[in-house]
Novice: 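Have a look at the structure that comes next, please.
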There are 2 protein chains.
Amino acid sequence: MNTRRTTIKDVAEAAGVGVATVSRVLSGGSASPETRERVLAVATQLDYRPSALGRNLRQQRSGGIGLLVPDITDSFYGRLADGVLACARAAGEPVILGTTGDDAEREAEQIGMLLEQGVGRVVAVPAGDAEIWAPTLRTGLTTVFAHRSAAGHGDVPAVLADDRSGVRTAVDYLTGLGHRRIAYLGGPGQEQRVAVFRQALGALVDEELIVFARGSRDSAYAAAAGLLQHRPDLTAVLAGGNLLGEAAVLAARELDLRVPKDLSMIMFDDVPWAELCSPPLTVIAQPAQDIGYRAAELVLREGGRRPRGVLLPTELVVRGSCGPRRAS
Amino acid sequence: MNTRRTTIKDVAEAAGVGVATVSRVLSGGSASPETRERVLAVATQLDYRPSALGRNLRQQRSGGIGLLVPDITDSFYGRLADGVLACARAAGEPVILGTTGDDAEREAEQIGMLLEQGVGRVVAVPAGDAEIWAPTLRTGLTTVFAHRSAAGHGDVPAVLADDRSGVRTAVDYLTGLGHRRIAYLGGPGQEQRVAVFRQALGALVDEELIVFARGSRDSAYAAAAGLLQHRPDLTAVLAGGNLLGEAAVLAARELDLRVPKDLSMIMFDDVPWAELCSPPLTVIAQPAQDIGYRAAELVLREGGRRPRGVLLPTELVVRGSCGPRRAS
DNA sequence: AAACATGATGGAATCGTTTCCATGAACACG
DNA sequence: CGTGTTCATGGAAACGATTCCATCATGTTT
């Protein structure tokens with residue numbers, strides 16, 4: 001099969017015009033109505049599709065948008081990615097996906113690859129801190145952070161859920177139910193949430209009840225089990241993500257703790273299975289898909305100056321995993 | 001900031017050689033040891049990264065691999081994508097992700113974009129049938145199907161879970177428990193599974209108990225609820241995916257059916273929440289991640305001829321959602 | 001009617017890389 | 001010593017698009 005791609009040259013020849021004219025017509029430049037029509041007709045007839053390769057090389061950027069998430073297996077990031085994809089599709093741009101495993105080094109590696117590919121726009125859930133991002137930002141990479149911003153963030157726009165309000169609501173709800181010893185089970189990059197947690201809890205804060213896991217399921221389970229075993233006196237736990245929540249449910253079951261009788265639970269991120277769980281989990285819903293969509297929108301808006309950031313609302317969804325403090 | 005990228009020309013100049021030599025050294029061609037060393041030294045010192053843009057244009061393909069899945073939000077496809085990403089990362093190749101929503105038209109659109117980007121390799125969960133894929137295959141796109149092959153499949157290699165064995169095992173298990181009226185709740189592209197289901201069930205098959213949903217959550221719920229309401233005499237249901245399983249659990253709960261007392265359930269695809277569910281769901285586990293990894297491996301092996309396909313084993317994981325047939 | 005503004009048009013340069021080909025040096029063999 | 005072979009090397013073409021710039025035609029103003 002000798003089917004070479006049809007190039008702009010073929011179109012130009014078939015339409016009896018120069019390549020420059022074809023390019024102009026196709027990218028909306030000025031051209032006389034009759035030429036435009038002829039070129040368009042020939043182009044569709046020949047089924048001409050401009051090669052992104054040639055264009056990219058010429059204008060020194062590949063148009064597409066890079067997407068860096070810690071773990072595409074995590075339902076939250078799956079939904080976030082879906083939002084980015086939806087926006088990118090509307091704009092006709094391809095999305096290059098990479099996972100960082102919440103590891104700064106791996107993140108740097110992925111950024112290197114994106115740069116090599118000529119990608120000029122990135123939506124990222126940052127793993128490294130601002131210091132690590134600074135050099136790559138200086139390369140001219142248009143960046144928008146999603147879900148969390150780099151610690152000590154520079155002026156990179158970020159699309160975030162309103163963690164502050166979410167944590168406050170959760171803490172208020174739990175203290176309102178009479179709970180005093182409330183634990184926070186956190187994941188990578190949740191320093192700010194914890195700060196708010198401390199602040200909201202005030203005098204009740206107990207540093208031993210603040211525990212961090214790394215990104216993996218194993219790590220989450222270990223942290224949850226350790227917490228519950230080490231401090232059986234706690235009566236409520238706030239899990240900072242669906243992985244952490246899953247781990248907490250598992251660990252509680254393992255220790256024969258009854259939810260919500262022995263232990264009240266709130267989980268960040270509403271996932272479909274929260275309703276299937278027994279008891280159904282009370283959660284703080286985050287608009288993951290919106291976060292992705294808005295971030296993609298922001299990163300594509302290259303012309304006008306971008307707002308510093310967007311804060312999207314969270315919502316407490318009360319189901320059945322929280323109850324009054326148990327009599328101790 | 002006037003920081004132009006360092007090009008191969010800069011390296012050549014700094015090393016006192018021609019650009020051709022630099023290119024050869026960097027891509028493993030022949031060169032004298034001392035030149036090679038000098039060029040390498042200069043390249044690292046200048047932090048030179050070859051631009052994929054130039055290379056791609058020259059060799060008419062973009063190296064990267066395209067990944068087309070119905071829905072990145074679905075845990076199964078998330079894991080599949082993770083496998084593809086892992087393999088691609090090992091090979092240093094970028095992955096362009098697109099979602100098809102199990103819609104042939106949208107799939108065609110995504111393929112068009114990939115072609116435009118010069119992508120020459122695709123791992124896809126096909127939505128359209130073989131007839132739809134034929135023209136794109138003729139363009140020279142190296143394709144590997146994952147999870148399912150296009151109906152009336154041509155000679156495209158495919159990496160599949162052993163559905164046949166999975167369905168048989170599930171049916172055997174349910175009939176062994178005494179069930180006679182067993183339903184299949186299917187999703188897009190599960191014709192082959194249903195065929196096996198019919199075959200395994202033999203004389204027990206009841207066409208009314210075979211129901212299909214489209215890809216969405218709503219559609220899955222509608223199908224499940226409709227099935228359970230219309231045929232309250234059925235005693236077991238086999239759900240063809242985690243979305244379908246979720247819908248079935250929800251619908252059963254809505255109708256106050258007790259699992260497994262009133263209704264036994266088996267779900268295709270083991271997801272983390274299957275264990276959290278109440279009762280924990282008996283499932284047929286599929287190696288989603290492996291499927292993705294192997295598919296990527298296959299699509300990257302361009303030289304040697306590829307095997308026609310790979311079949312990966314499934315496994316019945318017995319939990320608590322199946323019981324003996326209820327006394328009717 | 002001359003001068004000038006406007007707009008359509010095509011040739012050619014350009015992006016950064018790979019690869020073909022010619023050149024020249026070094027070396028081996030008869 | 002001459003011829004042939006091997007090898008490293010650099011110049012230049014090619015890939016397919018965009019875009020600068022010169023050219024030419026047309027219409028407008030003085």
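Bear in mind the structure is a predicted one, so any value in this text is a computation, not a measurement. Convention: sequence-line order gives letters A, B, ...; per-chain numbering from 1. Note: hydrogens, waters and symmetry copies are ignored here, and every other heavy atom, side chains too, is used.
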Novice: Looking for any heavy atom pair under 4.0 Å, which part of the strands does Ser23(B) touch: base, sugar-phosphate only, or nothing?
Specialist: base
Novice: Could you tell me the separation between the CG atom of Leu53(B) and the P atom of dC15(D), rounded to a whole number of Å?
Specialist: 18 Å
Novice: Without swapping roles, check the side chain of Arg148(A) against the backbone of Glu191(A) for a donor-acceptor pair under 3.5 Å.
Specialist: no
Novice: On the 0 to 90° scale, with breaks at 30° and 60°, tag the Trp133(B)-Phe145(B) ring pair as parallel, tilted or perpendicular.
Specialist: perpendicular
Novice: Need one value for Ala31(A): base, sugar-phosphate or nothing, where a base atom within 4.0 Å counts as base even if backbone is also close, heavy atoms only.
Specialist: sugar-phosphate
Novice: Look at all strands and tell whether Ser27(A) reaches a base, only sugar-phosphate, or nothing, counting heavy atoms closer than 4.0 Å.
Specialist: nothing
Novice: Check the distance between dC15(C)'s C1' and Glu116(A)'s CD and give it to me in whole angstrom.
Specialist: 17 Å
Novice: Quick one: label Gly118(B) by what it contacts on the DNA or RNA (base, sugar-phosphate, nothing), any heavy atom closer than 4.0 Å.
Specialist: nothing
Novice: Please determine if a side-chain N or O atom of Thr21(A) lies less than 4.0 Å away from the OP1 or OP2 oxygen of dG10(C).
Specialist: yes
Novice: Measure CG/Asn56(A) against C1'/dT14(C) and give the value in whole Å, please.
Specialist: 15 Å
Novice: More than 12 non-hydrogen atoms from neighbouring residues, nucleotides or ligands closer than 6.0 Å to CD on Gln192(B), yes or no?
Specialist: no
Novice: Where do Ala150(B) and Pro126(B) come nearest, in terms of heavy atoms and distance?
Specialist: N-CG, 3.7 Å
Novice: Using whole Å, report how far CG of Leu26(B) lies from P of dG10(D).
Specialist: 14 Å
Novice: Hey, does Gly54(A) reach any base, or is it just sugar-phosphate, or nothing, if we go heavy atoms under 4.0 Å?
Specialist: base
Novice: For the residue pair His147(A) and Phe76(A), does the interplanar ring angle fall in the parallel (under 30°), tilted (30 to 60°) or perpendicular (over 60°) class?
Specialist: tilted
Novice: When you get a sec, tell me which of dT17(C), dA12(C), dG10(D) is the closest nucleotide to the side chain of Arg24(B)?
Specialist: dG10(D)
Novice: Determine to 10° how strongly the helix from dA1(C)-dT30(D) to dG30(C)-dC1(D) is bent, judged from the axes of its five-pair ends.
Specialist: 50°
Novice: Rounded to whole Å, how long is the line connecting atom NZ of Lys9(B) with atom C1' of dG16(C)?
Specialist: 10 Å
Novice: Ion pair present between Arg294(B) and Glu297(B), side-chain N to carboxylate O less than 4.0 angstrom?
Specialist: yes
Novice: Please determine whether side-chain contact (heavy atoms from CB on, under 4.5 Å) holds for the pair Leu300(B) and Ile65(B), giving the CA-CA distance in whole Å, both sets of side-chain angles, and the decisive distance to 0.1 Å.
Specialist: CA-CA 8 Å; Leu300(B) 284 174; Ile65(B) 107 173; 4.0 Å; yes
Novice: Checking contacts here: which listed nucleotide (dA8(C), dA8(D), dT17(C)) is nearest the side-chain heavy atoms of Thr7(B)?
Specialist: dT17(C)
Novice: Does Tyr48(A) put a side-chain nitrogen or oxygen below 4.0 Å from OP1 or OP2 of dA17(D)?
Specialist: yes
Novice: To the side chain of Ala20(B), which of dG10(D), dT17(C), dG16(D) is closest?
Specialist: dG10(D)
Novice: Can you find a donor-acceptor pair, distance only, under 3.5 Å between Arg49(B) side chain and dG16(C) base?
Specialist: no
Novice: Give a yes-or-no answer on whether the side chains of Arg5(B) and Thr139(A) include a donor-acceptor pair shorter than 3.5 Å.
Specialist: no
Novice: Do Arg58(B) and dT18(C) have a side chain to base donor-acceptor pair shorter than 3.5 Å?
Specialist: yes
Novice: Any residue in residues 59-66 of chain B with a heavy atom nearer than 4.0 angstrom to DNA chain C? Just list them by number, or reply none.
Specialist: Gln59(B)
Novice: For Leu57(A), which contact category applies under a 4.0 Å heavy-atom criterion: base, sugar-phosphate, or nothing?
Specialist: base
Novice: Of the options dA8(D), dT18(C), dA17(D), whose atoms approach the side-chain atoms of Arg55(B) most closely?
Specialist: dT18(C)
Novice: For residues Arg55(B) and Ser51(B), is any side-chain donor paired with an opposing acceptor at under 3.5 Å?
Specialist: no
Novice: Quick check on dA8(D): is either OP1 or OP2 less than 4.0 Å from any side-chain nitrogen or oxygen of Ser30(B)?
Specialist: yes
Novice: Grab the CG-P distance between Asp10(A) and dA17(D) for me, whole Å please.
Specialist: 9 Å
Novice: Please determine whether a side-chain nitrogen or oxygen atom of Ser32(A) lies at a distance below 4.0 Å from atom OP1 or OP2 of dA8(C).
Specialist: no
Novice: If we ignore hydrogens and angles and just use 3.5 Å, is the side chain of Ser27(A) paired with the main-chain N or O of Ser23(A) as donor and acceptor?
Specialist: yes
Novice: Once you round it to whole Å, what is the distance between P of dT14(C) and CZ of Arg5(B)?
Specialist: 20 Å
Novice: For Asp71(B) and Arg214(B): C-alpha separation, side-chain torsions, deciding distance, then whether salt bridge (Lys or Arg N to Asp or Glu O under 4.0 Å) applies.
Specialist: CA-CA 12 Å; Asp71(B) 175 12; Arg214(B) 290 189 315 279; over 6 Å; no
